[in-house]
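By convention in this document, chain letters (A, B, ...) are assigned in the order of the sequence lines, proteins followed by strands, and residues within each chain are numbered from 1.
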2 protein chains.
Amino acid sequence: MRGHDGHAHDEYGYNEYGYDKYAYEPFAVTVDLAVLTLRAGALHVLLVERGQEPYAGRWALPGGFVLPDESAETAARRELAEETGLKDVSGLHLEQLRTYSEPGRDPRMRVVSVAFAALLPDAPEPTGGGDALQARWQPYGDVGPLAFDHDRILADAHDRVGAKFEYTCLATAFCPPEFTLGELQQVYETVWGTGLDRPNFRRKVLATPGFVEPVPGGARLTGGRGKPAALYRAGAATALHPPLLRPPREGRSA
Amino acid sequence: MRGHDGHAHDEYGYNEYGYDKYAYEPFAVTVDLAVLTLRAGALHVLLVERGQEPYAGRWALPGGFVLPDESAETAARRELAEETGLKDVSGLHLEQLRTYSEPGRDPRMRVVSVAFAALLPDAPEPTGGGDALQARWQPYGDVGPLAFDHDRILADAHDRVGAKFEYTCLATAFCPPEFTLGELQQVYETVWGTGLDRPNFRRKVLATPGFVEPVPGGARLTGGRGKPAALYRAGAATALHPPLLRPPREGRSA
DNA sequence: CTTTTTATAGTCGTAGTGACTATTAAAAGG
DNA sequence: CCTTTTAATAGTCACTACGACTATAAAAAG
């Protein structure tokens, strides 16, 4: 570009970088999904095994191309439905993380990928896998080196979700429609990797209007081993004011 | 796609959506920049006037194409340097906001735009404008309807910056290398649109280790009308724990 | 020399929270 | 059946952080 004037004259100036003539290399645009869920008190990620080079045999985040008539969000939700096999993904929390566009991130060509994080309450086993290549849940932390820059995307997803837990009500997205405060606390503890004091957590959650609301009648009895816990639903609030800060990491400079 | 299996087999399967054959419409990838600064105690945005259809004569956020060998971040920094005329933009805060990919956002073709927010300490007048088309600072809030979906991008940038002010030290990015606490407070007040109690703000900032550090010797004398204020530099900290929450908006349901 | 202006210091009450202890209500084990 | 175990719930206490304020200091403006 010829500096500011050239740009101002020709913003989206296809004469200069003419799209029709393919005067510059066009981009493939994909979405990559970090689909997170909790199974048996541990954070799990949905991964697919690649069947082609590059990274054949390596695990990768699910994803795919953005089709001509789709937005990235639409493509992400379509992929989410395909990969999880869920009938209805309209209520699931899907959050755009950021876009990864390093020139060398796909060795074959220029691929710009819009990354999303998706949060699932329950974890149905992915329905695919009639052939050799599989899709399955893997515990976060046990994931080896993933294909492309998916390790980084996954780490960014975890960071973002953990940070949003502090000042939003996002944690309920990991919970089924009705849940106990103990379950909600486990969500926090699993994602943050820290323990939380139960009475204090309870006090905080209940003191935040709209975070959770008690289900009209019941308390859960059969399953639990201790005193039955009251059931709650996610409330209407989305923000957490004041926030629920995670305990600060140890080891600060004196 | 044929569901999960088809995808797992063919992630980035260029046989299915073959890039080489242009079997699907490729995308143009651009960056759009919300360049923010403070002039005379008001938030300003860098805008350029469009010279071509669509939206000819309308103001728009600066931006441009991502070149074949660039990442979106590199392209954004290059555009930032071009638009502002600054020699060195390496130290400026540049933050990726999100990617806008609605199919109809550019009437001519499929354009996916990665949006960034940039924060400038001082506001040099943009150096362009030898021709009819201009680039200039406009007060945030006075911006009329912008081209494309740039109103939304700008609003998203403002939201993001305001939110990050609560739990990061980002506000110093609007300040010159040495600044007073009064100036820093004005940055907060301008971006948030609220007044803050001066002694309390001072107490909070100074109590957060690494937010600001006093400049070795001096206090500012000549300019100010009252007691000279001590000068500070931005510290090494990036996060704010506990956060500096903005005063809650009035009007909550009883 | 007084007034104005702004920076800085300090006070007081309270909301929020970390660290606890105590009680309750179920299942599990003998 | 009674005891132990487990987990939910209730409550206490001290301390921190913060909102609202008053007081003092040091400069320019009049």
Presence of A:Arg225 side-chain N/O under 4.0 Å of C:dA28 phosphate oxygens OP1/OP2: no

Contacts of B:Thr208 that satisfy side-chain hydrogen bond (donor to acceptor under 3.5 Å, both in side chains) - sequence neighbours left out: none

Whole-Å distance separating the CG atom of A:Asp197 from the C1' atom of C:dC20: 8 Å

Comparing B:Pro199 and A:Arg202 on DNA chain D - which has the more 5′ nearest nucleotide: A:Arg202

Produce the list of close N/O pairs, under 3.5 Å, pairing protein atoms with atoms of nucleotides 15-17 of chain C; give distances to one decimal.
{"from": "C:dT17", "atom 1": "OP1", "to": "A:Lys204", "atom 2": "NZ", "distance (Å)": "2.9"}
{"from": "C:dT17", "atom 1": "OP1", "to": "A:Pro243", "atom 2": "O", "distance (Å)": "3.4"}
{"from": "C:dT17", "atom 1": "OP2", "to": "A:Lys204", "atom 2": "NZ", "distance (Å)": "3.4"}
{"from": "C:dT17", "atom 1": "O4", "to": "A:Arg203", "atom 2": "NH1", "distance (Å)": "3.4"}

Sequence neighbours excluded - side-chain hydrogen bond (donor to acceptor under 3.5 Å, both in side chains) pairs with any residue from residues 168-180 of chain B: B:Glu178-B:Arg233

Distance in angstrom units between A:Phe201 CZ and C:dA19 P, rounded: 16 Å

Non-neighbouring partners of A:Glu102 that pass side-chain hydrogen bond (donor to acceptor under 3.5 Å, both in side chains), sequence neighbours left out: none

Of all pairs that satisfy salt bridge (Lys or Arg N to Asp or Glu O under 4.0 Å), the ones with a partner from residues 135-144 of chain A, not counting sequence neighbours: none

Residue pair A:Phe148, A:Tyr100: steps toward the ring-ring contact (aromatic ring centres under 6.0 Å, His included) verdict: CA-CA 11 Å; A:Phe148 305 106; A:Tyr100 298 82; over 10 Å; no

Between P of C:dT5 and CD of B:Gln186, the distance in whole Å: 16 Å

5'-most by nearest nucleotide on DNA chain D - A:Lys227 or B:Pro247: A:Lys227

d(CD, B:Gln185; P, C:dT8) in whole Å: 11 Å

side-chain hydrogen bond (donor to acceptor under 3.5 Å, both in side chains) involving B:Arg160 - partner list, sequence neighbours excluded: B:Glu95

